[in-house]
Every structure is written in C-alpha cells, then in structure tokens.
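Following: one structure in structure tokens, then a few remarks.
Residue numbers start from 1 in every chain, and the chains themselves are labelled A, B, ... in the order their sequence lines are given, proteins ahead of strands.
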2 protein chains.
Amino acid sequence: MSKKHRMTKQKRIIMEILRGTTSHPTADWVYEQARKQIPDISLGTVYRNLNNLKEMGEIMELCYGSSFSRYDGNPENHYHFHCLECGRVLDLDMPINRDLEKQVEESSGHKVERHRLEFYGVCCECNKKKQKQE
Amino acid sequence: MSKKHRMTKQKRIIMEILRGTTSHPTADWVYEQARKQIPDISLGTVYRNLNNLKEMGEIMELCYGSSFSRYDGNPENHYHFHCLECGRVLDLDMPINRDLEKQVEESSGHKVERHRLEFYGVCCECNKKKQKQE
DNA sequence: TTTAAAATAGTAATGATAGCTATTAAACGT
DNA sequence: ACGTTTAATAGCTATCATTACTATTTTAAA
C-alpha cells in the first residue's frame with residue numbers, strides 16, 4: 001500500500017549535506033550546496049526530498065519566526081539555542097527532560113508525546129566580543 | 001528617534017479580538033472577525049497592526065510548522081500544548097521554569113534571556129473520544 | 001483649529017513552497 | 001544482463017501568506 005522509496009543521487013547528496021553541517025540551513029542553502037555536485041538539480045527536487053526525508057524521520061524541519069524553514073540533519077529530539085546577536089542556531093548538548101512532560105500530564109490531563117524547547121540569548125562568542133568593546 | 005504610535009479604531013479592535021480569544025488565531029481569522037466591526041478594513045492593515053502590536057510587546061506571534069503564523073493575545077511567556085488529533089493549541093497553566101535557563105547557562109556558557117516550550121500530544125477531550133470508540 | 005506625520009484602503013509585488021508534465025532512471029522480476 | 005514498472009527528476013508555472021506602494025484620511029500635539 002505504501003509508496004516505495006527510491007534512493008536517488010539527488011536524495012543521497014541532500015542528506016549528506018544536511019548530515020555534514022550543524023548550521024540548520026535553509027532549503028536555499030542546501031540547493032546552493034547541492035548544485036556544486038549536481039549543477040542542474042532543481043530547487044523543486046530539493047524541497048521534495050527535504051519533505052520526503054522529513055516524513056521518513058531522517059531529518060527535522062525547524063520553523064522559526066522568519067518566512068522560511070530551516071532543516072536539521074539530526075532527527076533525534078534535542079534542544080536549540082538562538083543567538084540574538086549573530087543569529088546562529090546552536091545545538092545544545094543536554095538530555096531531554098521527560099519530567100516536563102510528566103508535569104504537563106499531571107497538571108493538565110493531556111497525553112503528552114513529545115516536547116520542543118528553544119532557548120534565546122547571547123552566545124559565548126558574541127558575549128566575548130561585547131566584553132572587549134567595553 | 002523612535003516612531004510614535006497612534007491608537008486607531010482598527011488597532012484597538014484588532015487588539016480586542018486577540019485579547020478576547022484563547023484560540024491563537026491566524027491573521028486571516030482576525031481579519032474576518034474585524035470585518036464584522038469595520039467591513040472595509042484592509043487585510044494589510046491587520047498585518048501591519050499585528051506586527052505593530054508585536055513590536056510593542058502587546059501580543060506574541062507564534063510560528064509553527066504550517067505556512068502561516070498564529071497570534072497570541074497574551075504577551076506573557078507561557079507554554080503551549082498542541083493536540084495532534086484536533087489541531088488546537090492550548091495554553092498551559094504552568095509556571096515558567098527558570099531552572100532550565102540556568103541549566104543551559106551552566107552547561108553551555110551562553111547567556112540565556114528566555115525560552116520557549118511547546119508540548120505535543122492528545123488533549124483530554126480527544127482522549128475521551130478515543131476511549132469511547134474502543 | 002491647524003498641521004505634521006502616522007495610519008488607512010486598495011492594490012500590486014514578493015518570495016517561499018507546492019503543483020504540473022514530459023522525460024529519466026531506480027530497482028525488481030525474469 | 002535486460003526489459004518493465006513507476007517513482008523521481010528538471011524545468012517550468014501556480015499558489016498563497018505576507019509585505020510594499022500610494023494617494024487619501026485620521027490622529028494627536030502645538
């Protein structure tokens with residue numbers, strides 16, 4: 001019943017690009033990188049494969065305030081830190097806190113399956129730069 | 001230096017609409033509601049005022065996976081619960097956990113200013129419906 | 001009341017993403 | 001190895017949420 005998935009050169013390269021960066025790139029950035037290996041790859045193909053890989057649970061789509069999505073080659077749930085100075089989105093090396101889900105279940109009665117946690121602030125590097133300026 | 005803000009009938013009504021619901025509506029829903037009071041209000045005016053109110057800290061823009069934003073009339077930081085069955089986004093009555101921010105600061109060295117926490121699962125009501133079916 | 005400029009309605013433009021179609025190429029059975 | 005089937009592709013065009021533009025109106029301060 002379920003549609004079969006075929007591994008194509010395009011899909012493999014798009015996945016490699018995502019796996020090889022921690023910068024949470026946009027579809028457009030992935031497209032630019034992919035063109036270095038397949039010059040006539042179509043932007044539509046990039047979007048189709050990003051959605052495809054998302055459905056397969058191989059990557060994650062991250063939706064932030066801006067008008068475009070970012071993609072994360074690490075499909076395991078993990079927390080992010082957004083630097084308000086340089087705009088980077090950094091992965092946090094921090095265990096997933098299941099207690100938070102338990103807390104919600106107990107206080108609200110809803111059945112919680114997962115959660116998403118994003119932090120905002122100023123990253124180490126930008127902090128150092130700011131201190132030098134003072 | 002900063003641009004002055006003027007209170008207009010349109011802005012007041014848009015704010016009232018948002019303050020009067022907990023459903024985290026889209027810009028289009030706000031537009032439909034506003035038209036009941038000002039039939040010839042422009043959709044652009046709705047968007048301009050939503051952005052305006054967001055800048056003023058009166059409301060929050062929520063960006064989820066879909067292609068459109070939702071708006072929250074409660075500008076205080078609070079957590080949300082997304083029901084994967086009915087699609088509703090519910091406010092959680094749960095204190096903001098500042099310890100999480102401290103935890104990130106200690107483990108990563110970044111300066112954390114705020115965080116955002118979203119839960120996903122099946123809400124009470126949908127759970128009841130599912131149990132009846134079984 | 002006068003006046004400067006902020007906000008508006010109506011419209012066109014933008015930009016990320018999805019849809020369409022003829023063609024190409026995976027991967028299965030033979 | 002070689003057809004055969006059909007998913008995936010390139011190269012478009014279409015869509016739809018949001019923003020920009022402009023002449024006009026409205027706010028609020030002097």
Side-chain angles (χ1 to χ4, degrees), chain A residues 1-18 23-72 87 89, chain B residues 1-18 23-72 87 89:
Chain A
M1 268 302 147
S2 71
K3 205 166 56 171
K4 277 173 199 157
H5 284 286
R6 287 178 187 173
M7 182 50 63
T8 62
K9 193 168 51 147
Q10 289 84 349
K11 187 185 286 182
R12 183 174 46 75
I13 283 171
I14 287 166
M15 195 150 89
E16 282 170 9
I17 289 167
L18 272 173
S23 70
H24 312 90
T26 62
D28 222 63
W29 187 88
V30 174
Y31 174 56
E32 289 306 325
Q33 299 301 310
R35 286 220 288 180
K36 291 177 184 171
Q37 298 182 63
I38 310 174
D40 68 345
I41 193 173
S42 167
L43 181 57
T45 297
V46 173
Y47 274 104
R48 193 172 352 89
N49 278 307
L50 288 172
N51 283 328
N52 211 305
L53 293 165
K54 186 175 66 171
E55 276 173 30
M56 293 165 71
E58 296 288 335
I59 66 171
M60 275 201 300
E61 183 178 2
L62 306 174
C63 186
Y64 299 135
S66 33
S67 56
F68 42 83
S69 287
R70 289 164 168 269
Y71 293 87
D72 194 326
V89 178
Chain B
M1 269 297 151
S2 71
K3 205 164 58 171
K4 275 173 201 158
H5 284 284
R6 285 177 187 174
M7 182 51 63
T8 62
K9 191 168 49 145
Q10 288 85 347
K11 185 184 291 182
R12 181 175 47 75
I13 283 171
I14 287 167
M15 195 149 88
E16 283 170 7
I17 288 168
L18 272 174
S23 69
H24 313 90
T26 63
D28 221 63
W29 187 88
V30 174
Y31 174 57
E32 288 307 323
Q33 299 302 309
R35 285 218 291 182
K36 292 177 183 170
Q37 297 183 63
I38 310 174
D40 68 345
I41 193 171
S42 168
L43 181 56
T45 297
V46 173
Y47 275 105
R48 195 174 349 90
N49 278 306
L50 287 172
N51 282 329
N52 211 306
L53 292 164
K54 185 175 67 171
E55 277 172 31
M56 293 164 71
E58 296 289 335
I59 66 172
M60 275 201 300
E61 183 179 1
L62 306 174
C63 185
Y64 299 133
S66 34
S67 55
F68 41 82
S69 287
R70 288 164 166 269
Y71 293 87
D72 192 327
V89 178

Would you mind telling me which of [options] lies closest to the side-chain atoms of [X]?
| X | options | result |
| --- | --- | --- |
| Q10(A) | dT9(D), dA16(C), dA7(D) | dT9(D) |
| I41(B) | dA27(C), dA17(D), dA9(C) | dA9(C) |
| S69(B) | dT18(D), dA7(C), dA10(D) | dT18(D) |
| S67(A) | dT26(D), dT6(D), dA16(C) | dA16(C) |
| R6(B) | dT27(D), dT18(D), dA9(C) | dT27(D) |

In this structure, how many angstroms lie between the [atom2] atom of [N] and the [atom1] atom of [X], rounded?
| X | N | atom1 | atom2 | value |
| --- | --- | --- | --- | --- |
| E55(A) | dA18(C) | CD | P | 11 Å |
| N51(A) | dA8(D) | CG | P | 13 Å |
| I13(B) | dA9(C) | CD1 | C1' | 15 Å |
| R70(B) | dA17(D) | CZ | C1' | 14 Å |
| D28(B) | dT18(D) | CG | P | 8 Å |
| L43(B) | dT19(D) | CG | C1' | 11 Å |
| M7(A) | dT24(C) | CE | P | 23 Å |
| R35(B) | dG10(C) | CZ | C1' | 13 Å |

Reported CD1-to-CG distance for the pair I59(B) and L53(B), which is rounded to 0.5 angstrom: 5.0 Å

Measuring from L43(B):CG to R48(B):CZ, what's the distance to the nearest 0.5 Å? 10.5 Å

Quick one: is dT8(C) close enough that its OP1 or OP2 comes under 4.0 Å of any side-chain N or O from T8(B)? yes

Y47(B) vs dT18(D): side-chain N/O to OP1/OP2 distance below 4.0 Å: yes

Counting the atoms with a prime plus P, OP1 and OP2 as sugar-phosphate, which does N49(B) contact under 4.0 Å by heavy atoms, base, sugar-phosphate, or nothing? sugar-phosphate

Name the nucleic acid region contacted by F68(B), choosing base, sugar-phosphate or nothing; use a 4.0 angstrom heavy-atom cut-off, strictly under. sugar-phosphate

Given I13(A), which of I38(A), I41(A), V46(A) fulfils the side-chain contact (heavy atoms from CB on, under 4.5 Å) condition? I38(A)

Nearest-nucleotide check on DNA chain D, E61(B) vs T45(A); residue mapping nearer the 5' end is T45(A)

Are S69(A) and E61(A) linked by a side-chain donor-acceptor pair shorter than 3.5 Å? yes

Determine whether any donor atom in the side chain of R48(B) lies under 3.5 Å from an acceptor atom in the base of dA7(C), or the reverse, and answer yes or no. no

Go through the N and O atoms of the side chain of S42(B) and the base of dG10(C), and report whether any donor-acceptor pair is under 3.5 Å. yes

Is there a side-chain contact (heavy atoms from CB on, under 4.5 Å) between R12(B) and E16(B)? Walk through the geometry before answering. CA-CA 6 Å; R12(B) 181 175 47 75; E16(B) 283 170 7; 3.4 Å; yes

